[in-house]
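See below for the structure under consideration.
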Amino acid sequence: MALKIGIVGTGWFAGKHADILAAAEGVEIAGIVGSSKNKGEVFGIRYDASGYESVSEMADRQQLDAVYICVPPMAHGEIERELIERGIPFLVEKPLGTDAEVPQDILGFMRLKSSELITSVGYHFRYQDNVDRLREALHPGRIGMATGMWMGDMPQAKWWRRQEQSGGQFIEQTTHIVDLLRYCAGEVDEVQAVYASRFPEEEWEQTNVHDIGTVTLKMKSGAVASISNTCVLPAGVGQAGLSFYAREGLWEWTPGHLSATRAEEKHVFAEESDPYVRQTEAFLYALRTGDPSRIRSDYADACKTQEVTFAALQSALSGRSMKL
């Protein structure tokens, strides 16, 4: 019997996940929730799926096995609570919100209602072959320091350029690098951040997010990391990555490659997997079997990444170091 999956959202990520689900065996896209019913219906034509204007309407009319949540950061809260109340598993795209309070409230509600609810969060880099190689090679206690970055241009989505709607670049975008740092090097103990706005509204109107920033992170292992980001670059120019400096050598990760340098030897591995597909495979396996062990980031774990990124914003605004 096919799994019936609903999707909330009609943007790029919703389409990415919908295409993967449509290609998966034994899966039916049962409904699409848009910001309007018409948007949901138009989006759903390609997948022969009905359009709805709310999660509750879709859940009332469909027997859903799970829901994919693909909405902007400021839209989280009621969607998750509705699904938790009904006991419907969900995969939610990052970030979990614009702050740490909403995700923590959702997590508390989930633990109150159903500690066994299957959840997954869209930190897809965790599913890469090269990230597996990183985790096999690194031990948190042997890492001296790490440096990371997400350098790019200003996204065109209006909500992204508003602090109160996106949370800013470190929360909305660079969260991938923070999450990968946690996944490979362990938990963060303290953060200190400096943000600034170098070119406010030079090209984009009504922009109030910081466009440059650097965050220093003290790890529980004793290692120190620094992660910088910017969105001042011209369209199409950018780079993202995370490097680890350990007693055994240097590992430099980018979304497409991993370079491992030890004494007198160097290996470069091209990334050949599709982590989005693997992420969905792990989630569907959990739905079919009840075994969530293949899910690499559930809601509770992703809340820890959210806590770090929001603490960085608090540090930048206050000028103080923030203990987690």
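These numbers come from the heavy atoms of this one structure, side chains and all, not from hydrogens, waters or symmetry mates. Bear in mind that the values here come from a model prediction, so they are computed numbers and not experimental data.
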[X]/[Y] ion pair, N-O < 4.0 Å:
X	Y	value
Lys94	Glu172	yes
Glu85	Arg81	no
Arg262	Glu248	no
Arg126	Asp132	no

Would you indicate whether Asp60, at its atom CG, is surrounded by more than 12 heavy atoms from other residues, nucleotides or ligands within a distance under 6.0 Å? yes
Trace of the side-chain hydrogen bond (donor to acceptor under 3.5 Å, both in side chains) decision for Asp19 with Tyr47: CA-CA 8 Å; Asp19 287 345; Tyr47 309 101; 2.6 Å; yes
Main chain of [Y], side chain of [X]: is a donor-acceptor contact present, judged purely on distance under 3.5 Å?
X	Y	result
Thr280	Val277	no
His210	Ile212	no
Glu271	Asn130	yes
Gln173	Gln169	no
Arg142	Arg247	no
Arg162	Gln206	yes
Thr98	Ser166	no
His76	Pro95	yes
Thr147	Ser226	no
Thr207	Arg161	no

Treat each ILVMFWY residue as a node, draw an edge where side-chain heavy atoms are under 4.5 Å apart, and state whether Phe90 and Phe109 are in one component. yes
For the atom pair [atom1] ([X]) and [atom2] ([Y]), what is the distance rounded to the nearest 0.5 Å?
X	Y	atom1	atom2	value
Ile32	Arg46	CD1	CZ	11.5 Å
Ile118	Leu91	CD1	CG	11.5 Å
Asp99	Gln104	CG	CD	10.0 Å

Walk me through it: do Glu41 and Tyr52 pass the test side-chain hydrogen bond (donor to acceptor under 3.5 Å, both in side chains)? CA-CA 7 Å; Glu41 289 175 340; Tyr52 301 98; over 6 Å; no
Donor-acceptor side-chain pairing of [X] and [Y] below 3.5 angstrom:
X	Y	answer
Ser273	Gln128	no
Gln63	Lys4	no
Glu93	His17	yes
Asn208	Glu164	yes

Just say parallel, tilted or perpendicular for the rings of Phe170 and Tyr195, cut-offs at 30° and 60°.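 Ring orientation, 0 to 90° scale: tilted.
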Taking the inter-plane angle between the rings of Phe125 and His176 on a 0 to 90° scale, is it parallel (under 30°), tilted (30 to 60°) or perpendicular (over 60°)? perpendicular
Would a line drawn from the ring center of Trp251 to the ring center of Tyr245 be shorter than 6.0 Å? no
Strictly under 6.0 Å, is that where the ring centroids of Phe283 and Tyr68 end up?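 Ring-ring flag for Phe283/Tyr68: true, centres closer than 6.0 Å.
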Ser293/Asp291 under side-chain hydrogen bond (donor to acceptor under 3.5 Å, both in side chains): CA gap, chis, key distance, verdict: CA-CA 6 Å; Ser293 62; Asp291 175 10; 2.9 Å; yes
I'd like to know whether Thr175 forms a side-chain hydrogen bond (donor to acceptor under 3.5 Å, both in side chains) with Tyr123, so could you lay out the CA-CA distance, the side-chain angles of the two residues, the decisive distance to 0.1 Å, and finally the verdict. CA-CA 9 Å; Thr175 183; Tyr123 287 111; 2.7 Å; yes
How close do [X] and [Y] get, counting heavy atoms only, and between which atoms?
X	Y	result
Lys266	Ser259	CE-OG, 3.0 Å
Ala49	Ala30	CB-C, 4.3 Å
Leu287	Ile5	CD1-CD1, 4.0 Å
Ala185	Ser221	O-OG, 4.4 Å
Met219	Ala225	SD-CB, 4.5 Å

Start with the C-alpha distance between Asp179 and Arg296, add both sets of side-chain angles, then the distance that settles salt bridge (charged side-chain N to carboxylate O under 4.0 Å, His left out), and finish with yes or no. CA-CA 11 Å; Asp179 187 74; Arg296 298 188 176 185; over 6 Å; no
Applying side chain to side chain contact (heavy atoms under 4.5 Å, CB included) to Leu217 and Ile227, what does each step give before you reach the verdict? CA-CA 8 Å; Leu217 308 97; Ile227 299 176; 3.9 Å; yes
Could you give me the CA-CA distance, side-chain angles and deciding distance for Trp253 and Val131, then say whether side chain to side chain contact (heavy atoms under 4.5 Å, CB included) is met? CA-CA 8 Å; Trp253 173 90; Val131 172; 3.9 Å; yes
Asp189 and Lys220: salt bridge (charged side-chain N to carboxylate O under 4.0 Å, His left out), yes or no, with the steps? CA-CA 5 Å; Asp189 186 55; Lys220 288 188 181 295; 3.4 Å; yes
Going through the checks in order, is the side chain to side chain contact (heavy atoms under 4.5 Å, CB included) test met by Val92 and Glu80? CA-CA 9 Å; Val92 55; Glu80 289 88 344; 4.0 Å; yes
